[in-house]
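Quantities reported herein were computed from a predicted structural model and do not represent experimental measurements. Residue numbers start at 1 and run along the sequence shown.
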Amino acid sequence: MSDETGRITKLEEMVAHQAKMIDELSDQLAEQWKVVEQMRTKLDRLTERFLSLEEQSLEAPPITRPPHY
């Protein structure tokens, strides 16, 4: 019986270790997801800003030589 008890104890330790690892990986994944969402938000804002600046540059008058040339 001690052999079976040892095997069960070893399996229980392995399961506990794997459960801890899964929890740690889940926490890391959640943190990375937050970072991805922050980056997505920043990218959306930068895209809007770029498009706004691009529209403004299209409306600018053409560059002409000053009259003193």
CD of Q18 to CG of L11, rounded to nearest 0.5 Å, is 9.5 Å
To the nearest 0.5 Å, atom CD1 of I22 lies from atom NE2 of H17 at 10.0 Å
E48/R45 ion pair, N-O < 4.0 Å
no
Residue set satisfying side-chain hydrogen bond (donor to acceptor under 3.5 Å, both in side chains) with Q38, at least two apart, ordered chain then number -> none
Rounding to 0.5 Å, atoms CH2 (W33) and CD (E37) come to a distance of 5.0 Å
Only residue of V36, T41, V35 satisfying side-chain contact (heavy atoms from CB on, under 4.5 Å) with M39 is V35
